[in-house]
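Here is the structure we will look at, set down as structure tokens.
Every number for a ligand or one of its atoms is a count from 1 in the order of the listing. Numbering of residues begins at 1 and proceeds along the displayed sequence.
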Amino acid sequence: MFVTLCLNPTIQKTLVFEKFHHAEVNRAKESFTDISGKGVNVSRVLAQLKKPVLHITQLTKEEKSFFKRELKKQKIELFSIKTAAKARICTTIIEENMSKNDNIVRSITELVENGNKVEPKTEIHLKKNFDKLLKKAKNNFKIDAFVISGSKAPGFNDSLFAELALKAHANKILTVLDIRGADLKELLNALRNNPIKADETPIIIKPNVLELKETFFANQAENSSEFFEERIKFLLMDIFEKYGILSIITRGKNSTLAFDGKNFIVMPSKKLNPAKIINTIGCGDSFTAGFVAAMSECKNFIESLKQGVECASLNALTIRPGSIF
Ligand SMILES: Nc1ncnc2c1ncn2[C@@H]1O[C@H](COP(=O)(O)OP(=O)(O)OP(=O)(O)O)[C@@H](O)[C@H]1O
Ligand SMILES: [Mg+2]
């Protein structure tokens with residue numbers, strides 16, 4: 001069983017227009033409402049790889065049944081934490097125009113809301129339920145991996161992801177975190193005096209390069225890309241030496257940089273035909289799913305990175321974010 005956690009649940013509204021006019025009334029020719037978010041993307045790709053998935057997120061009573069039904073369609077189980085804070089609603093506006101040679105050309109605009117603030121007891125509920133899940137798993141089923149993805153809604157503490165990751169780690173569960181900023185800094189802080197040892201189950205971080213920059217190189221002048229690659233290499237080695245954490249830094253079409261505890265790895269992205277790339281949103285989430293699925297099958301780090309690249313590339317070729325077919 002793969003356990004995925006995302007604390008910024010999202011309902012995605014997609015509206016399709018033939019023409020969109022600013023400051024006028026526009027009537028959509030089609031509209032869809034889907035569940036979405038980084039955790040849903042990772043869960044979906046894991047399910048597409050035929051892995052059993054339990055997705056944890058906070059939801060209101062009214063939203064729970066919608067999420068449960070939608071996740072069930074994708075063979076994903078839901079573990080919902082009670083809250084009064086509604087999931088944020090994000091809107092995609094797709095404008096479809098005919099090109100001169102009669103192809104449909106789509107322009108996509110994303111409208112993103114901030115998450116709604118959760119009450120303190122949501123975090124307490126989450127921690128209690130997570131403990132219960134780990135306890136239940138001990139005697140009844142194996143947790144293959146635990147994946148934390150994305151930001152969190154306001155109201156949760158910055159130390160929460162670190163706490164949950166360390167609990168999973170204490171239970172010998174492979175843990176991957178696609179987090180950044182204060183959440184990532186808190187994870188490092190938590191391991192400052194007690195780094196992960198070489199013989200323990202790994203904790204792996206997977207921010208993208210912009211998230212890495214924002215977390216560790218904020219306010220620093222832009223450097224040449226070669227120089228910057230060198231700095232990333234030393235940063236990843238430093239993170240391993242001080243905290244025992246392994247790192248993967250994805251960089252879109254540029255090679256992924258990683259440190260597996262022994263070697264610095266440069267894993268090229270696939271060369272994709274630009275005409276075939278439909279949507280690269282969710283490529284990082286698909287990478288995480290492919291990587292963690294392979295790691296759980298005891299493939300080595302490099303083989304697992306390759307499966308990450310494979311899933312990420314397939315995602316770029318599909319319209320739906322976080323999908324490999
Ligand atoms: N244009 C592209 N061409 C080839 N591969 C790509 C391209 N964009 C993304 N990828 C693949 O996807 C992987 C992850 O991409 P990226 O670093 O953009 O993730 P991300 O920003 O975390 O995405 P998200 O958070 O939306 O899931 C890359 O390592 C690469 O393998
Ligand atoms: Mg990402």
(message) Among all protein heavy atoms in this structure, tell me which lies nearest to atom 26 (O) of ligand 1, with the distance rounded to 0.1 Å.
(response) G282 N, 2.9 Å
(request) Examine T250 against ligand 1 and note whether any of their N/O atoms are separated by less than 3.5 Å. (result) yes
(request) State plainly whether the residues K51 and E297 are in salt-bridge range, i.e. N to O under 4.0 Å. (result) yes
(request) Select one of side chain, backbone, both or neither to describe which atoms of N315 lie under 4.0 Å from any atom of ligand 1, heavy atoms only. (result) neither
(request) Taking only Lys NZ, Arg NE, NH1 and NH2, and the carboxylate oxygens of Asp or Glu, determine whether E229 and R251 approach each other closer than 4.0 Å. (result) yes
(message) Distance under 4.0 Å to a non-hydrogen atom of C283: what atoms of ligand 1 satisfy this?
(response) 9 (C), 12 (O), 14 (C), 15 (O), 27 (O)
(request) Decide, yes or no, whether a salt bridge links K68 with E77 under the criterion of side-chain N to carboxylate O below 4.0 Å. (result) no
(message) Evaluate G252 for polar contact with ligand 1, using N/O atom pairs at a separation under 3.5 Å.
(response) yes
(request) In plain terms, say whether K270 and E310 are close enough for a salt bridge, that is, a side-chain N and a carboxylate O under 4.0 Å apart. (result) yes
(message) Check whether F228 forms a cation-pi arrangement with K213 (NZ or CZ under 6.0 Å from the six-membered ring centre, at most 45° off the ring normal).
(response) yes
(message) So that I can tick it off, tell me whether E63 and K86 are bridged by a salt bridge, with the cut-off set at under 4.0 angstrom between side-chain N and carboxylate O.
(response) no
(message) For the 3.5 Å polar cut-off, considering only N or O atoms, please tell me whether D285 and ligand 1 meet it.
(response) yes
(request) Under 4.0 Å from a heavy atom of A312: give me the atoms of ligand 1 that qualify, with their elements. (result) 11 (C), 12 (O), 13 (C), 31 (O)
(message) Under a 4.0 angstrom heavy-atom cut-off, which atoms of ligand 1 come close to T256?
(response) 29 (O)
(message) Taking the basic N atoms (NZ, or NE/NH1/NH2) and the acidic carboxylate oxygens, is any pair closer than 4.0 Å for K127 and D131?
(response) no
(message) Does the residue K206 have a heavy-atom contact with ligand 1, meaning some pair of atoms that are separated by less than 4.0 Å?
(response) yes
(message) I need the atoms of ligand 1 closer than 4.0 Å to a non-hydrogen atom of I277, numbered in the order shown.
(response) 1 (N)
(request) Decide whether the shortest distance between a heavy atom of A316 and an atom of ligand 1 is less than 4.0 Å. (result) no
(request) Any atoms of ligand 1 less than 4.0 Å from a non-hydrogen atom of L272? List them with their elements. (result) 3 (N), 4 (C), 5 (N)
(message) Considering non-hydrogen atoms of the protein only, which is the closest contact for atom 4 (C) of ligand 1, and what is the distance?
(response) K270 O, 3.3 Å
(message) Using a 4.0 Å cut-off to any heavy atom of R251, which atoms of ligand 1 qualify?
(response) 17 (O)
(request) Return yes or no for this condition: an N or O of F287 is under 3.5 Å from an N or O of ligand 1. (result) no
(message) Less than 4.5 Å apart, side chain to side chain, heavy atoms only: is that true for I302 and M267?
(response) yes
(request) Could you tell me whether K185 sits above the aromatic face of F216, with NZ or CZ closer than 6.0 angstrom to the six-membered ring centre and within 45 degrees of the axis? (result) yes
(message) Checking a contact table here: which protein heavy atom is nearest atom 31 (O) of ligand 1, and how many Å away?
(response) S269 OG, 3.6 Å
(request) Indicate whether the side chain of Q48 and that of S323 have a donor and an acceptor atom separated by less than 3.5 Å. (result) yes
(message) Taking K142 first and then D144, would you say they form a salt bridge - that is, a charged N and a carboxylate O separated by under 4.0 Å?
(response) yes
(request) May I ask you to identify the nearest protein heavy atom to atom 3 (N) of ligand 1, giving residue, atom name and distance to one decimal place in Å? (result) K253 CB, 3.5 Å
(message) Could you tell me if K299 and S304 have a donor-acceptor pair between their side chains, going purely by distance under 3.5 Å?
(response) no
(request) Give the residue, atom name and distance (to 0.1 Å) of the protein heavy atom nearest atom 23 (O) of ligand 1. (result) G284 N, 3.1 Å
(request) Pull out every atom of ligand 1 sitting under 4.0 Å from any heavy atom of K38, numbered as shown with elements. (result) 24 (P), 25 (O), 26 (O), 27 (O)
(request) Compute the shortest N/O to N/O distance between N208 and ligand 1 and return yes if it is under 3.5 Å, no if not. (result) yes
